[in-house]
Every structure is written in C-alpha cells, then in structure tokens.
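Working notes for the structure below.
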Amino acid sequence: RGDGKRIGLERVFTASLRSAGIPAHLVEGIDPQSTTRRKRRFWTEVWAEGQWYPVSASYGWLAKPPRRQIALTFDCRRVLSS
C-alpha cells in the first residue's frame with residue numbers, strides 16, 4: 001500500500017541513523033490528551049552537540065515534541081514505572 005505504521009517508520013529511521021554512525025534511540029511515549037483510543041506515540045532522539053534532540057520521521061517535527069507527550073521507554077528500557 002505504500003505506507004506503514006508509525007513505529008515501523010521510526011524504527012527504520014533510528015536504524016538508518018545508527019548505521020550512518022549517528023547515535024540515536026527509539027522513544028515510546030503516550031499522549032494522555034489524545035481523543036482517540038491510540039494514545040501511544042513513537043519518536044527518535046538523536047545525539048548532537050552534547051545533548052539528545054527529539055525528531056519524528058512519522059509525525060514530521062524536529063527538536064521539540066508536542067508538550068503533552070510523555071516518554072515511557074528509551075530503546076525498550078522503561079523511563080517511568082508504577
């Protein structure tokens with residue numbers, strides 16, 4: 001169909017950056033204010049100039065995710081726990 005799921009797009013983007021020698025990791029989070037059932041969000045963070053910059057290949061933003069998104073995992077490692 002020529003399209004893919006957002007997590008797949010972010011995984012390919014993250015893997016492409018890593019294969020080019022650019023430090024990057026996949027981030028999974030939620031948007032608690034989403035009006036749909038799908039609250040999960042995915043994006044990539046890229047290491048540059050001494051800090052991590054969030055980038056989204058699937059949503060199309062750079063350096064500043066929407067404020068309402070909350071990161072839960074970085075490369076499948078939990079950031080928050082209950």
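K39 places a side-chain N or O within 3.5 Å of a backbone atom of S34 that can act as its donor or acceptor partner. A donor-acceptor pair under 3.5 Å is formed between the side chain of R6 and the backbone N or O of S58. In this structure, R18 contributes its side chain and A24 its backbone to a donor-acceptor pair below 3.5 Å.
The structure places OG1 of T14 at 12.0 Å from CH2 of W43, a figure rounded to the nearest 0.5 Å. Between L26 atom CG and L17 atom CG the span is 11.5 Å, to the nearest 0.5 Å. Taken to the nearest 0.5 Å, the NE2 atom of H25 stands 12.0 Å off from the CD atom of E10. One finds the CD1 atom of I30 at 10.0 Å from the CZ atom of R41 (value rounded to the nearest 0.5 Å).
Linking ILVMFWY residues whenever their side-chain heavy atoms come closer than 4.5 Å, directly or via other members, leaves Y53 and V27 in distinct clusters.
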